[in-house]
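If you read the sequence from its start, that first residue is 1, and numbering goes on from there. Note that the coordinates shown come from a computational prediction; the quantities given were computed from them, not determined experimentally. Atoms considered below: every heavy atom in the structure, side chains included; atoms not considered: hydrogens, waters and symmetry mates.
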Amino acid sequence: MYWKTDLLELEHSKQWDTAIAYMQNVIAENPDNMDAAICMNYLLMNLIVEEICDMEKFEYYQLLTKKYFQESYAKFSENAEYLFFTGITAYMSPWFFDLEYEEPDKLLEKARVLDESNLLYHWGYRSDIERQNDPEKKILAISILKNNEARTLLESKSAVGRYLLDHIIDAGESNKEKLCWLLDLYFSNQIDVSTLCYSCDDDYAKGLEGDVFNPQEERLFLKLMSLSRIFVESSKRNDYRQNFYFPEKNELHQVASQLREELKNNLEKICNFTSDIHF
C-alpha cells in the first residue's frame, strides 16, 4: 500500500509529528485496517522509547500510544498477526500500552496458539530476554530467514517489520557469519579500511562468543587483527602523510580476502544441516 512507503520515508527522516498525523488520517479513513493499527502502535512506542522526541509533547504522545493500542486491541485481539507484531512492540515498554510486565508474553503466546504452524509466532514467543539463550530460537531464526512467506510478511509491515527482521537476522547468524558480512561490506566499498579495522578490533578481538575458529581461520584472523591494530595506531599519529599512507594496506586486503574465503567455505559446509522446521 502506498501509505506504508510514505510512512517509512517519514520515519526515516524522523518527521514524527507529520508521521503521526499522517497515520491518524490513514486510520480514520480505514478504521478496520489492521496493518495501519500495527504500524501506528510501533510508530508511537518507538518514538517515546527509542527516539529523541519533543519532551513538551511527551504526555501527549503517551496518551496517543495508549489510545491507539486500546482501540486496536479491541478490534484485533483475536488475530494472531496483530498479537504477534503488537506483542513484540509491547516488549519495548509495556506500561505505555497500560500493560503489566508479563502481558506481552501473553499476547505472543496467544498468537502462537491461534496459529501453531507459523514460524514467526514460535520465534516471537522465545524472543524475550529470559529466553535469549534458547537453542531453538536460533534454529527458528535461521528457518524464518529461509522462508519466503515469513520474510514477505515481515517486509510488509513497514518499520516494525524491519525492526523484527534485524533482530531475527541477529539471532540467526553466528558471529562468524557477521564477520563475513563485515568483510563483504569492505570488499564492496561500503566501509573503508578504517571502519573495518575498528569494527574488528571492537567487536571481535574479545573472541567470537562460542564460535570456534579452525587453525587456518585463527591464523588469518590473528593476522588481520595485527594489521588492524597497526592501522589504528598509524591513524593516531599527527603526521598527515602517516595518516594517509598505510604501507600494510595491501597485505591487510589480501589477508581479509583469504579470511573471508576460508570462513565462507567452512560455513557452507555446515549450514546444510539446518532445514525448515514445521510444527
Side-chain angles (χ1 to χ4, degrees), residues 1-27 30 32-53 61-62 64-73 75-77 79-99 103-112 114-115 118-129 137 140-141 144-145 147 149-172:
M1 293 183 180
Y2 70 92
W3 63 261
K4 292 180 182 178
T5 302
D6 293 340
L7 176 60
L8 270 177
E9 291 177 357
L10 291 170
E11 288 174 313
H12 181 72
S13 59
K14 301 186 183 297
Q15 299 181 60
W16 304 119
D17 286 346
T18 303
I20 291 169
Y22 182 76
M23 289 307 298
Q24 286 177 315
N25 288 332
V26 170
I27 290 172
N30 306 274
D32 295 321
N33 188 315
M34 186 183 65
D35 278 8
I38 289 170
C39 291
M40 181 61 138
N41 286 337
Y42 178 78
L43 168 65
L44 291 164
M45 181 68 82
N46 180 62
L47 172 59
I48 60 178
V49 175
E50 300 292 343
E51 300 292 342
I52 299 173
C53 66
Y61 295 143
Q62 288 186 70
L64 285 181
T65 303
K66 186 183 297 185
K67 163 185 162 63
Y68 279 98
F69 166 70
Q70 291 177 343
E71 289 180 357
S72 63
Y73 185 79
K75 293 178 182 177
F76 307 116
S77 61
N79 185 292
E81 193 173 310
Y82 170 85
L83 291 167
F84 168 70
F85 285 100
T86 304
I88 293 293
T89 300
Y91 268 133
M92 297 170 75
S93 282
W95 45 91
F96 288 127
F97 280 169
D98 201 23
L99 296 175
E103 288 187 272
D105 269 342
K106 295 178 181 178
L107 298 180
L108 294 169
E109 168 64 0
K110 187 174 180 180
R112 186 173 69 92
L114 287 171
D115 188 352
N118 194 301
L119 294 173
L120 281 170
Y121 305 160
H122 283 268
W123 181 87
Y125 186 60
R126 292 174 171 83
S127 66
D128 69 307
I129 192 167
K137 179 182 172 184
L140 283 164
I144 288 166
L145 294 174
N147 185 294
E149 184 178 348
R151 290 195 65 138
T152 298
L153 178 60
L154 289 170
E155 291 164 358
S156 74
K157 293 297 186 289
S158 194
V160 64
R162 296 189 180 193
Y163 166 79
L164 278 165
L165 186 56
D166 285 345
H167 279 274
I168 291 168
I169 290 171
D170 189 59

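Here the side chains of Tyr163 and Glu50 are not in contact, with every heavy-atom distance at 4.5 Å or above. Residues Tyr68 and Gln24 meet the side-chain proximity criterion, which asks for heavy atoms closer than 4.5 Å. Looking only at side-chain heavy atoms (C-beta outward), Phe84 and Leu164 come within less than 4.5 Å of each other. A heavy-atom distance below 4.5 Å is not found between the side chains of Leu44 and Gln62. The shortest distance between side-chain heavy atoms of Leu7 and Cys39 falls below 4.5 Å. Two residues are said to be in side-chain contact when any heavy atoms from C-beta on lie closer than 4.5 Å; Asn147 and Leu120 fail this criterion. For the pair Leu83/Tyr121, no side-chain contact is recorded, criterion being any heavy-atom separation below 4.5 Å from C-beta on. Here the side chains of Tyr61 and Leu47 are in contact, with some heavy-atom distance below 4.5 Å.
In this structure, Ser93 and Met45 approach most closely via the heavy-atom pair O-CE, 3.2 Å. Of all heavy-atom pairs between Gly124 and Leu108, the closest is O-CD1, 3.3 Å. Considering every non-hydrogen atom in both Ser158 and Leu8, the closest pair reads OG-CG, 3.4 Å. Of all heavy-atom pairs spanning Gly87 and Pro104, the tightest one is O-CB, 3.8 Å. Across all non-hydrogen atoms, the minimal contact from Ser156 to Lys4 is O-NZ, 2.6 Å.
Residue Ile48 holds its CD1 atom at 12.0 Å from CH2 of Trp16, rounded to the nearest 0.5 Å. In this structure, Trp123 CH2 and Arg112 CZ are separated by 14.5 Å, a value rounded to the nearest 0.5 Å. Taking CE of Met40 as the start and OG1 of Thr89 as the end, the distance is 13.0 Å to the nearest 0.5 Å. Note that CG of Asn79 and CE of Met34 are 4.0 Å apart. Values are rounded to the nearest 0.5 Å. Rounding to the nearest 0.5 Å gives a distance of 11.5 Å between OG1 of Thr65 and CG of Asp98. The structure places CG of Asn33 at 8.0 Å from CD1 of Ile27, a figure rounded to the nearest 0.5 Å.
Of the candidates Asn118, Leu114, Asp35, Asp35 is the only one forming a side chain to side chain contact (heavy atoms under 4.5 Å, CB included) with Glu81.
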Check: Please walk me through it: do Tyr22 and Leu10 pass side-chain contact (heavy atoms from CB on, under 4.5 Å)?
Finding: CA-CA 9 Å; Tyr22 182 76; Leu10 291 170; 4.1 Å; yes
Next item on the list: Could you give me the CA-CA distance, side-chain angles and deciding distance for Phe85 and Leu107, then say whether side-chain contact (heavy atoms from CB on, under 4.5 Å) is met?
Entry: CA-CA 9 Å; Phe85 285 100; Leu107 298 180; over 6 Å; no
Check: Given Lys75 and Tyr82, is the side-chain contact (heavy atoms from CB on, under 4.5 Å) satisfied, shown in steps?
Finding: CA-CA 10 Å; Lys75 293 178 182 177; Tyr82 170 85; over 6 Å; no
Margin query: Determine whether Asn30 and Trp3 satisfy the following criterion, side-chain contact (heavy atoms from CB on, under 4.5 Å), listing intermediate values before the conclusion.
Written below: CA-CA 11 Å; Asn30 306 274; Trp3 63 261; 5.8 Å; no
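Taking 4.0 Å as the cut-off between side-chain N and carboxylate O, Glu103 and Lys106 do not count as a salt-bridged pair.
Counted within 6.0 Å of CD on Gln15, heavy atoms from surrounding residues, nucleotides or ligands total more than 12; the atom is thus considered enclosed.
Ring orientation note: the planes of Phe69 and Phe97 are close to parallel, at an angle under 30° on the 30°/60° scale.
Counting only distance, with no hydrogens or angles, the side chain of Lys14 and the backbone of Ile52 share no donor-acceptor pair below 3.5 Å.
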